[in-house]
Amino acid sequence: MGLGVFIIMIAVGAILTFASDWELEAVDLDLVGLILMAVGILGTAVYTSVLRRRRMVVPPVAPTVTDERRDLL
C-alpha cells in the first residue's frame with residue numbers, strides 16, 4: 001500500500017465520523033470512521049519512517065591513496 005491509500009483512509013474515516021448522519025442497526029459508523037483514521041495515521045507514520053530509512057544516503061568513503069615513488073638513481 002502506498003502513502004495515498006493511507007491518506008484516503010484518513011479522509012474516509014473523517015467523513016464517516018464527522019460528516020455523515022447515516023445510521024445502521026448493526027454497525028456504528030462513528031467507530032468505523034475512528035478506526036479508519038487511526039489505521040491511516042499509523043500507516044502513514046510507518047510508511048514515512050520506512051521511506052526515510054530507505055532513502056538514507058551514506059556518504060562515500062574516500063579511497064586510500066598510497067604514494068609509492070621510487071627514486072631511480
Side-chain angles (χ1 to χ4, degrees):
M1 285 200 254
L3 185 61
V5 173
F6 295 122
I7 293 173
I8 289 172
M9 288 176 76
I10 295 170
V12 169
I15 290 170
L16 285 176
T17 302
F18 302 116
S20 68
D21 58 353
W22 301 335
E23 294 199 17
L24 299 174
E25 291 182 25
V27 179
D28 185 10
L29 290 179
D30 290 336
L31 182 62
V32 171
L34 289 173
I35 291 171
L36 281 174
M37 286 191 292
V39 170
I41 290 170
L42 286 174
T44 302
V46 169
Y47 185 81
T48 55
S49 69
V50 168
L51 185 67
R52 185 180 324 140
R53 202 174 319 145
R54 190 182 308 162
R55 289 188 179 184
M56 185 179 292
V57 177
V58 178
V61 178
T64 305
V65 178
T66 57
D67 189 17
E68 295 184 19
R69 295 184 189 174
R70 297 183 187 175
D71 292 332
L72 300 173
L73 293 176

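Note that the coordinates shown come from a computational prediction; the quantities given were computed from them, not determined experimentally.
Linking Ile, Leu, Val, Met, Phe, Trp and Tyr whenever their side-chain heavy atoms come within less than 4.5 Å puts V12 and Y47 in one cluster. Placement of I10 and F18 in two distinct hydrophobic clusters is found when ILVMFWY residues are connected by side-chain heavy-atom separations under 4.5 Å, directly or transitively. In the hydrophobic cluster analysis, where Ile, Leu, Val, Met, Phe, Trp and Tyr join through side-chain heavy atoms closer than 4.5 angstrom, L24 is grouped together with W22.
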N/O donor to acceptor pairs below 3.5 angstrom from side-chain atoms of residues 32-46, sequence neighbours left out:
residue: T44; atom: OG1; partner: G40; partner atom: O; Å: 2.7

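Considering CD1 of I15 and CD1 of I8, their distance stands at 10.5 Å, rounded to 0.5 Å.
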